[in-house]
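One structure is given below, encoded as structure tokens.
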Amino acid sequence: MRVTTKGQVTIPKEIRDRLGIEPGSEVDFVADQEGARIVPIRPAQTPEERAQQFKQWLDRVAGTIDLDGMTTDEYMEWLRGPRDDLDPR
């Protein structure tokens, strides 16, 4: 990209699409050891918007794991290994 005399650059369409940057969006430039990164500034969400977004995520991931009949406790033991911090009584 070439920087204009006003310090402006054009963000390539592929990057805008990937980051969800649209006309009117706000972005920040963050300096790091490699150079700089462009970071979209997301508007604050209301609790209702966050809840809706979470519900949409839950709907997308529902049914994506097959425990093959394991209970939650059986799955957790399979995942983490047997617990050794329980009193053996």
Side-chain angles (χ1 to χ4, degrees):
M1 298 286 105
R2 179 167 286 129
V3 179
T4 70
T5 57
K6 291 183 176 185
Q8 299 171 329
V9 295
T10 299
I11 304 168
K13 182 170 180 1
E14 178 182 318
I15 302 296
R16 293 192 316 264
D17 291 346
R18 183 173 177 187
L19 297 178
I21 298 172
E22 300 173 339
S25 295
E26 292 189 30
V27 298
D28 195 7
F29 291 91
V30 180
D32 59 24
Q33 276 114 10
E34 304 281 326
R37 295 179 293 122
I38 184 170
V39 180
I41 298 173
R42 305 282 181 232
Q45 291 182 316
T46 67
E48 292 80 15
E49 290 170 328
R50 282 195 300 275
Q52 179 63 28
Q53 186 177 20
F54 182 69
K55 183 181 179 329
Q56 290 170 346
W57 175 81
L58 282 177
D59 291 343
R60 283 195 313 272
V61 300
T64 59
I65 185 170
D66 180 6
L67 299 179
D68 197 30
M70 281 191 276
T71 66
T72 302
D73 289 336
E74 292 167 336
Y75 175 71
M76 295 307 291
E77 184 168 335
W78 172 85
L79 183 66
R80 297 178 177 165
R83 292 193 56 183
D84 59 359
D85 63 331
L86 298 177
D87 189 353
R89 288 187 259 160

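Treat the numbers as computed from the prediction; the structure is a model and nothing was measured.
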Checklist outcome for this item: Sorted by chain and number, sequence neighbours left out, side-chain hydrogen bond (donor to acceptor under 3.5 Å, both in side chains) with Asp28 holds for none
Checklist entry - Rounded to the nearest 0.5 Å, how far apart are CD of Gln53 and NZ of Lys55? => result 13.5 Å
Checklist outcome for this item: Shortest non-hydrogen pair, Gly20 vs Ser25, comes out as O-OG, 4.1 Å
Item to check | Straight-line distance of Asp17 CG to Ile11 CD1, nearest 0.5 Å | outcome: 11.5 Å
Checklist entry - After noting the C-alpha distance and the side-chain angles of Gln52 and Gln56, does the key distance pass the side-chain contact (heavy atoms from CB on, under 4.5 Å) rule? => result CA-CA 6 Å; Gln52 179 63 28; Gln56 290 170 346; 3.4 Å; yes
Item to check | same_hphob_cluster(Ile15, Val27) at 4.5 Å side-chain heavy-atom cutoff | outcome: yes
Next on the checklist: Quick check on Glu26: does its CD atom have over 12 non-hydrogen neighbours (other residues, nucleotides or ligands) under 6.0 Å away?
Outcome noted: no
Show which side-chain atoms of residues 32-40 pair as donor or acceptor with protein atoms under 3.5 Å away, not counting sequence neighbours.
from  : atom 1 : to    : atom 2 : distance (Å)
Asp32 : OD1    : Glu34 : N      : 3.0
Asp32 : OD1    : Gly35 : N      : 2.9
Asp32 : OD2    : Arg37 : NE     : 3.2

Checklist entry - Of the non-hydrogen atoms in Leu19 and Arg42, which two are nearest, and what is the gap between them? => result O-NH2, 2.7 Å
Item to check | With Asp66 via side-chain hydrogen bond (donor to acceptor under 3.5 Å, both in side chains) - residues at least two apart | outcome: none
Checklist entry - Where do Glu74 and Gly69 come nearest, in terms of heavy atoms and distance? => result OE1-O, 4.1 Å
Item to check | All pairs passing ring pair (Phe, Tyr, Trp, His ring centres under 6.0 Å) where residues 31-56 contributes a residue, at least two apart | outcome: Phe54-Trp57
Next on the checklist: The criterion is ring pair (Phe, Tyr, Trp, His ring centres under 6.0 Å); which residues satisfy it with Phe29, sequence neighbours excluded?
Outcome noted: none
Checklist entry - Which ILVMFWY residues can you reach from Trp78 by hopping between side chains whose heavy atoms are under 4.5 Å apart? => result Ile65, Leu67, Met70, Tyr75, Met76, Leu79
